[in-house]
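Here the structure comes first, spelled out in C-alpha cells, and everything after it is commentary.
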Protein chains: 2
Amino acid sequence: MHVDIGNALASVASPGVSRDSLERLDERVANAHERIEAGRADDEHGYAALNLPERADPDEIRSAVDPVADAEALITIGIGGSALGAATIVDALENEGDGTETVFLDNVDPEWVSRRLEGLPLAETAINVVSRSGTTAETLANFLVVREAFESAGVDWTERTIVTTGEAGPLRDLADRHDLPSLRVPDGVPGRFSALSAVGLVAAAVCGHDLEALLAGAQAEADSLSGSLFECPAYAYGATAYALDQRGVGTNAMMPYAESLETYAEWFAQLWAESLGKDELGQTPVRALGVTDQHSQLQLYRAGPRETLVTFVRSRETEDRPIPETDVDDLSYLGDATLGELLEAEFAATEASLAAAGRPNIRLELERVDEYELGGLLYGMEAACVLAGELYEVNAFNQPAVEWAKKATRGLLGGGEFAEAEAVAEKTELRVER
Amino acid sequence: MHVDIGNALASVASPGVSRDSLERLDERVANAHERIEAGRADDEHGYAALNLPERADPDEIRSAVDPVADAEALITIGIGGSALGAATIVDALENEGDGTETVFLDNVDPEWVSRRLEGLPLAETAINVVSRSGTTAETLANFLVVREAFESAGVDWTERTIVTTGEAGPLRDLADRHDLPSLRVPDGVPGRFSALSAVGLVAAAVCGHDLEALLAGAQAEADSLSGSLFECPAYAYGATAYALDQRGVGTNAMMPYAESLETYAEWFAQLWAESLGKDELGQTPVRALGVTDQHSQLQLYRAGPRETLVTFVRSRETEDRPIPETDVDDLSYLGDATLGELLEAEFAATEASLAAAGRPNIRLELERVDEYELGGLLYGMEAACVLAGELYEVNAFNQPAVEWAKKATRGLLGGGEFAEAEAVAEKTELRVER
C-alpha cells in the first residue's frame with residue numbers, strides 16, 4: 001500500500017495539516033507505536049489482531065473446507081465483522097476466483113432471505129456460519145432458516161457446514177454434536193479486525209483464493225510498521241485522518257475507483273465507526289464509489305461544509321477494454337480511449353478538483369487488486385485504525401454502545417426481562433400524516 | 001408516507017429541536033411553500049419536478065417500451081440521476097416484478113463492465129440509454145461498448161434500444177437516424193429529481209410495474225403539500241432535518257429496515273448531497289441499512305460525535321418467514337418468533353436506543369413497499385429537499401461544483417484545451433511508501 005497525503009497538507013487544503021504539525025504529531029506516533037508493539041508482544045485484546053498474518057494457518061483452513069471445496073455456491077451466515085471481511089475479500093477478488101457463487105446472509109429481512117435461497121443448488125452448496133459467541137440473534141435465526149431449507153430439500157446440511165466460532169457456546173456445541181469441521185475465532189481479536197483469520201478466510205478458501213498471498217501482503221504491511229508516520233504508510237493514513245478530524249474534518253469518505261472494492265468501503269466503514277466512535281469522538285465514515293459518485297456526492301464534497309476528507313483508493317494496473325470509435329460529433333475523443341483510461345482520467349480530475357477547491361484528500365494506491373495487495377490494504381487500514389485509537393485515546397477494541405439495543409431486542413422477543421425493552425414503549429411521538 | 005419527528009425534539013435529543021422553535025420555523029415553511037407553489041405554477045426550473053406526477057404519461061412510456069416489453073434482461077446505461085431513480089424503483093419492487101433481469105451500467109470500471117455483460121442473453125436483452133445532454137462521457141462510452149457487444153453477437157441493437165434524452169444532442173440524433181423509440185427528459189427537471197418521469201419509469205415499465213400506482217402515490221403526496229410542517233409529512237421531514245443541521249447535526253444517515261430499499265438510500269444520498277451541498281452549507285448523507293449496520297455503524301451513531309441524525313424507514317407490512325424451533329440452550333426465544341418479528345424488534349430497539357442516548361432520529365413509515373407507497377416516498381423526499389433548499393437559501397437545482405472535474409477529464413483525454421487539465425499535473429505530493 002502506498003499513501004500520498006500531499007493533498008491533506010495545509011499548503012493545499014483548508015482545513016489541512018501543516019508539515020510542522022505533522023512533525024509534532026510524529027512524536028505521539030512514536031509513543032503510540034511503542035504502545036502498539038507492547039500490546040502485540042503480549043497478544044493483548046485487540047492488539048492481537050495485528051499478529052494475525054503470522055498466526056493464521058492456511059493449511060488448517062483449507063483442511064476444514066476440503067469437504068466442500070468443489071461447492072458451486074457458498075452461503076456465509078454472519079453479521080458485522082463476521083461477514084464483512086469475508087465479503088470484502090471475495091468481492092474484491094471476484095474476477096480471480098473459481099466461480100463459486102457467494103451469498104452473504106447478513107440481514108434478517110424475510111423476503112430478501114427467501115429470495116437469496118431461491119434457486120441455489122443446495123446439494124452443491126456449502127454453509128459457512130460465523131459467530132464468536134454462537135448466540136448472535138440474526139446469525140442464529142438465519143442459520144436455523146437455512147438448515148431447515150436444506151432439510152426440506154433432502155440435503156444433509158451436516159455434510160456441508162463449516163462453523164467458525166469461539167471456544168464455547170451453542171455453535172461450538174453444535175459443531176461437536178454433529179462432528180462438523182470447525183475453526184476458531186481467534187482470541188483477543190474483535191470481529192471487525194478478524195478478516196485475516198478463519199472469519200474472513202474460510203470463504204476465500206472455498207472460492208479458491210491464495211490464502212498465503214493474502215497473508216504475505218498483510219505481513220509486508222506489518223513489517224513496515226515503524227515509529228514515524230513519514231516512514232509507515234498505515235500510520236501516515238491514521239495520523240493524517242486523526243489530525244484532520246482535530247481540525248474539523250469529521251467525515252471520511254472512502255472512495256475506491258474500482259467496483260470490486262465497493263465492499264471494502266463498507267468494511268472500512270465498520271472498522272472506523274465502531275472502533276473510534278465513542279466518548280463523543282470519532283470520524284464518520286461514508287461509503288462512496290468512483291466514478292459513480294462523482295455524479296452524486298462530488299458537489300457536496302467540493303462545495304459543501306469543509307468537514308470531509310475524501311480517501312481515494314486507486315489500482316495502478318487494471319484489465320482494460322477499448323471504447324469503440326464513433327462518428328458522433330463531439331464524442332470522437334472517447335473513441336481514442338479505453339474505459340480504463342477514462343476511469344483513470346476521471347480519478348485524476350476528481351482528485352485535482354478537490355485540491356483546487358482546497359478540500360483535503362488522501363490517495364491510497366495498490367499495484368493491482370490481487371490477494372497480496374488486498375492483504376496489505378486490509379492490514380494497513382487496521383493498523384491505521386489502531387493508531388488512530390491511540391491518538392484519540394479511546395479503546396478501539398470494544399463497542400459498548402450496541403449492548404442497549406441487543407438487550408431491548410431480546411426482551412421484546414420474550415428472551416428475558418430487560419429494562420431496555422420497557423423503554424421502547426415509552427417513545428415520544430410527534431406524528432405528521434397526510 | 002408517515003413521519004414521526006418525536007425523537008428529534010429537544011425533550012428527547014441533544015441536539016434536538018424544541019417544539020417552540022419548530023413553531024417559529026413554521027412561519028418560514030409557510031413562506032417557502034408559497035415560493036414553491038409559485039415555482040410549480042410557472043413550471044420554473046427545478047420546481048417543475050414537483051409537477052411530474054400529473055405530467056408523466058404512462059401510455060407514452062409503455063408504447064415506447066412495447067417492442068421490448070418481453071425482454072428477459074434490461075441494461076440501463078446512465079449515471080447519477082439518470083440511473084439511480086430507475087434502480088431505486090426496480091430494486092424496491094424486485095419481489096413484485098415480472099422477473100426481468102436488470103443491469104445498471106453506472107460506472108466505467110472495465111472489468112466490471114465486461115462481467116456485467118457476460119452471460120446476458122443479448123438477443124433477448126433491451127438497452128435503456130439515458131442522458132439529458134446526450135454527451136455524458138461515462139454513459140456514451142458504455143453505450144458504445146454495449147452497442148459493439150450486440151453487433152459482435154449478431155444482434156440488431158437498433159431493434160432493442162430505447163433512448164431517453166433531451167430535445168437535442170448526439171443521442172437525439174442517434175434516435176432519429178435509427179428510428180429508435182425515444183422519450184424526453186422533461187425540461188426543467190434536474191436528473192436527481194427525475195425518477196417520476198421517463199428517466200425512472202422506462203425500466204419500471206419493462207419490468208412490468210404499475211406506473212399509474214407509482215404516480216398516484218406521488219400525487220397523493222403532492223396533494224398533501226401545505227403551508228405548515230405540522231400538517232405535511234414531506235415538509236416535517238425537510239424542516240426538521242434543516243433545523244437539526246442548524247444545531248450542529250451535519251450528518252443524515254438514511255437507514256431503511258428493508259433490503260429492497262438499499263438503493264433508495266443511495267438515491268436519497270444523491271438528492272440530499274447534490275441539492276444542498278453548496279456555499280459550504282448542506283448536510284452530509286450517509287447510506288445505512290437495518291439491521292445490518294447495527295453491527296457496524298450503531299456504535300458511532302449512539303456514542304460518537306453528536307452530529308448525526310438517523311432517518312429510519314420502516315414498512316408496516318412485510319411478507320414473513322418463521323424461524324424454525326431449536327433445542328439450543330439460550331436461543332429458544334428465537335424459535336417462537338419470525339424473521340419479520342426479529343426485524344421489527346431490532347428496529348424498535350435501535351430507535352429507542354438512540355433516543356435513550358439523546359441522539360436525534362426520525363421515523364418514516366410506509367404501509368408496505370409497493371408502487372403506490374414508493375411513489376409517495378420518492379415524491380415526499382423530493383419535496384422535503386426542495387423545502388430544505390428554500391430554508392438554506394441555496395439553489396437546490398444546480399450542481400456547479402462538478403463542472404471542474406468534467407472539463408479536466410475531457411482535457412486529459414484529448415477532447416479539447418482546458419486549464420483544469422493542466423492543473424492535474426501540478427499535484428502536491430507527500431508519498432509514504434514501505
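Lettering follows sequence order; numbering is per chain, from 1.
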Which heavy-atom pair separates A:A348 from B:V424 by the least distance, and what is that distance? CB-CG1, 3.8 Å

Pick from A:E307, A:Q399, A:E274, A:E344: which one has the most heavy-atom pairs with chain B under 4.5 Å? A:E274

Quick check on A:T136 against chain B: is it the side chain, the backbone, both or neither that has a heavy atom closer than 4.5 Å? side chain

With a 4.5 angstrom heavy-atom cut-off, which part of B:A137 approaches chain A: side chain, backbone, both or neither? both

Gap separating the CD atom of B:E262 from the CH2 atom of A:W112, nearest 0.5 angstrom: 8.5 Å

If I measure from the heavy atoms of chain A, does B:V286 come under 4.5 Å with its side chain, its backbone, both, or neither? side chain

Out of B:T284, B:T318, B:D336, return the one with the most heavy atom pairs under 4.5 angstrom to chain A. B:T284

If you count the non-hydrogen atoms of other residues, nucleotides and ligands that lie under 6.0 Å from CD in A:E319, is the total more than 12? no

Using a cut-off of under 4.5 Å for heavy-atom pairs, which of B:R306, B:E231, B:E429, B:R287 has the most such pairs with chain A? B:R287

So which residue, A:E426, A:E94, A:R19, ends up with the most heavy-atom pairs under 4.5 Å with chain B? A:E94

If one checks every heavy atom of A:L271 against chain B at 4.5 Å, the contacting part turns out to be neither

Interatomic distance, CD1@A:I79 vs OG@B:S296, rounded to 0.5 Å, equals 9.5 Å

Are B:I323 and A:N142 close enough that some pair of their side-chain heavy atoms sits under 4.5 Å apart? no

Looking at every non-hydrogen atom in both residues, tell me the closest pair between A:A258 and B:D109 and how far apart they are. CA-OD2, 3.3 Å

CG/B:L331 to CZ/A:R410 distance, rounded to the nearest 0.5 angstrom? 7.0 Å

Taking side chain as C-beta onward, heavy atoms only, is B:V108 less than 4.5 Å from A:V291? yes

Measure B:K278 against the heavy atoms of chain A and call it side chain, backbone, both or neither at under 4.5 Å. both

Ignoring hydrogens and angles, state whether a donor on the side chain of A:H295 or B:E138 is under 3.5 Å from an acceptor on the partner side chain. yes

Interchain contact, B:A220 with chain A, by part (heavy-atom threshold 4.5 Å): both

Contacting region of A:D173 [heavy-atom separation from chain B under 4.5 Å]: neither

Could you check A:W404 against B:R302 for side chain to side chain contact (heavy atoms under 4.5 Å, CB included), going step by step and ending with a plain yes or no? CA-CA 10 Å; A:W404 198 101; B:R302 193 169 193 266; 3.3 Å; yes

Does a salt bridge link A:E365 with B:R431, judged by any charged N lying under 4.0 Å from a carboxylate O? yes

Cut-off 4.5 Å, heavy atoms of chain A, and the answer for B:L276 is neither

Non-hydrogen side-chain atoms of A:N95 and B:R115 separated by less than 4.5 Å: yes

Is it the side chain or the backbone of B:L354 that comes within 4.5 Å of chain A heavy atoms, both, or neither? neither

Which heavy atom of A:R321 sits nearest to which heavy atom of B:V145, and what is that distance? NE-CG1, 3.4 Å

Please identify, among A:V12, A:L342, A:T350, A:D320, the residue contributing the most non-hydrogen atom pairs under 4.5 Å to chain B. A:L342

About how many Å separate CD of B:E420 and OG of A:S353, when rounded to the nearest 0.5 Å? 10.0 Å

Which portion of B:E351 sits near chain A, non-hydrogen atoms under 4.5 angstrom: side chain

Under 4.5 Å from any heavy atom of chain A - which part of B:K407: neither

Just by distance, do the side chain of A:Q299 and the backbone of B:A401 share a donor-acceptor pair under 3.5 Å? yes

Counting heavy-atom pairs under 4.5 Å with chain A, the top scorer among B:G169, B:A269, B:S11 is B:A269

Based on non-hydrogen pairs under 4.5 Å, which of B:G80, B:A337, B:A345, B:S275 is most in contact with chain A? B:A345

Please examine the side chains of A:K406 and B:L298, heavy atoms only from C-beta on, and report whether any two atoms are closer than 4.5 Å. no

So, B:T428 side chain and A:N7 main chain: donor-acceptor pair closer than 3.5 Å or not? no

For A:P400, is it the side chain, the backbone, both, or neither that has a heavy atom closer than 4.5 Å to a heavy atom of chain B? both

By side chain to side chain contact (heavy atoms under 4.5 Å, CB included), which residues pair with A:A273, not counting sequence neighbours? A:P285, B:Q297, B:L300

Can you confirm whether B:P110 sits close enough to A:L343 that some side-chain heavy atom of one is under 4.5 Å from a side-chain heavy atom of the other? yes

May I ask you to test the A:V432-B:L229 pair for a side-chain heavy-atom distance under 4.5 Å? no

Can you name the closest pair of heavy atoms from A:A141 and B:L339 and give their distance? CB-CD2, 4.0 Å

Most contacts with chain B, counted as non-hydrogen pairs under 4.5 angstrom, among A:Q283, A:R192, A:E259: A:E259

Looking at A:D4 and B:L430, would you say the former's side chain and the latter's main chain have a donor-acceptor pair under 3.5 Å? yes

In Å, rounded to the nearest 0.5 Å, how long is the span from OG1 of B:T409 to CD of A:Q294? 6.0 Å

Interface check, chain A: of B:E221, B:E341, B:E148, B:E325, most non-hydrogen pairs under 4.5 Å belong to B:E221

Counting heavy-atom pairs under 4.5 angstrom with chain B, the leader among A:G250, A:S224, A:P324 is A:P324

Is it the side chain or the backbone of B:T251 that comes within 4.5 Å of chain A heavy atoms, both, or neither? side chain

Pair A:R434, B:D223 - check salt bridge (charged side-chain N to carboxylate O under 4.0 Å, His left out), show working. CA-CA 9 Å; A:R434 61 167 199 246; B:D223 293 340; over 6 Å; no

Name the member of A:A288, A:A83, A:G282, A:P233 that forms the most heavy-atom pairs with chain B at distances under 4.5 Å. A:P233

Salt-bridge contact A:E433-B:R363 (side-chain N to carboxylate O under 4.0 Å): no

Among the options B:L281, B:L334, B:L412, pick out the one with the most heavy-atom pairs lying under 4.5 Å from chain A. B:L281

Under 4.5 Å heavy-atom distance to chain A, tell me which part of B:S226 shows up: side chain, backbone, both or neither. neither

Less than 4.5 Å apart, any side-chain heavy atom of A:P305 and any of B:E280? no

Value rounded to 0.5 Å, distance of OH in A:Y257 from CG in B:N107: 9.0 Å

